[in-house]
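Written below as structure tokens is the structure these notes are about.
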There are 2 protein chains.
Amino acid sequence: MSTRHRLLAAAAGALAEDGFAAASARSIAARAGVNQALVFYHFGSVADLLDAAVRWSVDEAVDDYRRRFAEVRTLPELLALGGELHATEKERGHVAQMAQVMAGAQRDPRLAGAARYAIDAWSVQVEAVLARVLATSPMSGLVAPAGMARAVTAGFIGLQLYEAVDPEAAAAAMDALSLLGVLAQAMEGLGPVANRAMRSRLERAHRPRVTRT
Amino acid sequence: MSTRHRLLAAAAGALAEDGFAAASARSIAARAGVNQALVFYHFGSVADLLDAAVRWSVDEAVDDYRRRFAEVRTLPELLALGGELHATEKERGHVAQMAQVMAGAQRDPRLAGAARYAIDAWSVQVEAVLARVLATSPMSGLVAPAGMARAVTAGFIGLQLYEAVDPEAAAAAMDALSLLGVLAQAMEGLGPVANRAMRSRLERAHRPRVTRT
DNA sequence: GTCTATACATAGATAGAC
DNA sequence: GTCTATCTATGTATAGAC
């Protein structure tokens with residue numbers, strides 16, 4: 001394993017486990033078992049290293065899940081996969097890492113670029129699933145899969161942050177969310193008549209956007 | 001305005017605008033226009049000041065919205081209020097501040113306490129609305145308002161983080177979310193027969209929890 | 001490519017004058 | 001209560017030996 005590679009992995013780990021604020025050149029180098037100066041030799045700056053590490057590790061993580069996403073056919077399946085992803089990635093730290101990157105990105109444009117890259121990478125997967133899953137639903141054509149996918153991904157990151165703050169409450173939140181999938185799924189099997197009725201209700205309710213004054 | 005008070009406000013502002021990593025005793029004191037040593041005189045440590053500032057500012061923010069939450073009667077209204085809150089608080093920085101606190105909380109137990117306090121404060125408001133709004137819905141009794149409220153609040157924070165990373169995409173995500181409210185609202189007006197049908201579908205689908213092997 | 005050594009900025013925190 | 005001055009630790013980054 002090359003030093004460059006070790007630094008990438010160490011930076012990703014430092015972000016996930018120690019957080020953005022503690023991801024210094026010294027702590028990353030120590031984690032990688034190499035000298036601190038090599039951070040600057042290989043990547044120029046800590047920000048550059050973090051940027052590279054996020055892109056690298058997000059590519060790896062998404063690759064691992066690409067097949068799983070492709071198998072999803074229903075919304076509850078998507079939520080089940082989300083729950084599984086939540087559990088696995090809590091150990092591996094990929095999503096926690098993203099949360100840290102997004103927090104750091106609030107003031108660092110370079111990290112913001114990495115965060116955009118990461119969210120897009122995950123969202124593209126979710127979007128493909130949503131487009132497939134919602135095609136036969138009364139919601140089809142009314143909801144933009146791209147926007148919904150971003151909402152799902154961003155919301156998921158919020159939940160991941162919450163997980164570290166209050167594990168029990170976060171678990172209760174995940175449980176409650178599973179109902180949304182059940183709800184959408186229940187709409188699927190309504191039959192053509194009820195389906196059309198539901199759809200017309202949705203269209204009528206959706207057009208005049210809700211505005212409060 | 002007392003020095004103590006100025007420090008609280010400055011700490012809240014530093015968190016929201018400069019981020020957790022940049023919220024140092026010196027930068028906060030500069031923002032408050034007081035000497036750096038006063039942070040330690042009044043609060044003992046930076047972590048203690050941040051903790052106090054978060055609790056103080058969350059109490060203020062929630063107070064501002066208490067009445068508005070109490071007026072909400074439907075899910076689309078809740079989402080509309082959420083959108084408005086998103087817009088106003090982006091300027092005031094209360095939710096961005098929470099995002100920073102949650103990011104910092106990943107490794108700092110004291111900040112984790114503040115984060116729990118903050119999420120609970122918002123969630124209690126959301127929970128009351130959800131309990132009221134869902135009472136007449138086919139979902140009543142199936143979804144735990146407490147868990148759902150936490151999911152909404154945590155997800156909202158994720159969206160707020162996303163806002164700084166990719167404003168256009170975040171706006172698209174908010175738009176897509178508004179459909180969820182419309183969806184639930186459309187279920188409300190289905191009439192008693194369809195309502196019961198929907199409810200039985202939900203109950204059947206919900207009981208045997210979706211598990212993938 | 002990797003190391004040691006070091007320059008320099010900024011962090012948290014405290015002592016003591018006022 | 002507030003200030004100046006200072007200690008100490010840690011951060012980024014670079015120069016130069018190997």
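Chain A is the first sequence line, chain B the second, and so forth, proteins listed ahead of strands; every chain is numbered from 1.
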Roughly, in whole Å, what's the span from [atom1] in [X] to [atom2] in [N]?
X: R110(A); N: dT12(D); atom1: CZ; atom2: C1'; answer: 14 Å
X: R26(B); N: dC3(D); atom1: CZ; atom2: P; answer: 14 Å
X: L49(A); N: dA13(D); atom1: CG; atom2: C1'; answer: 14 Å
X: L50(B); N: dG12(C); atom1: CG; atom2: C1'; answer: 12 Å
X: N35(B); N: dT6(D); atom1: CG; atom2: P; answer: 14 Å
X: I28(A); N: dT10(D); atom1: CD1; atom2: C1'; answer: 14 Å
X: F20(B); N: dA11(C); atom1: CZ; atom2: P; answer: 13 Å
X: R4(A); N: dT2(C); atom1: CZ; atom2: P; answer: 11 Å

>> Measuring from the side chain of T3(A) (C-beta onward, heavy atoms only), which nucleotide among dT2(C), dG11(D), dT4(D) has the closest atom?
In response: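 Selected nucleotide (nearest to the side chain): dT2(C).
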
Check ion pair [X]-[Y] (N to O, under 4.0 angstrom):
X: D166(A); Y: R150(B); answer: no
X: D18(A); Y: R31(A); answer: yes
X: R55(B); Y: D51(B); answer: yes

Check: [Y] main-chain N/O paired with [X] side-chain donor or acceptor under 3.5 Å:
X: R73(B); Y: A70(B); value: yes
X: R68(A); Y: L81(A); value: no
X: T3(B); Y: V34(B); value: no

>> Can you pull out the residues from residues 36-46 of chain A that lie within a 4.0 Å heavy-atom distance of DNA chain C?
In response: A37(A), L38(A), Y41(A), H42(A)

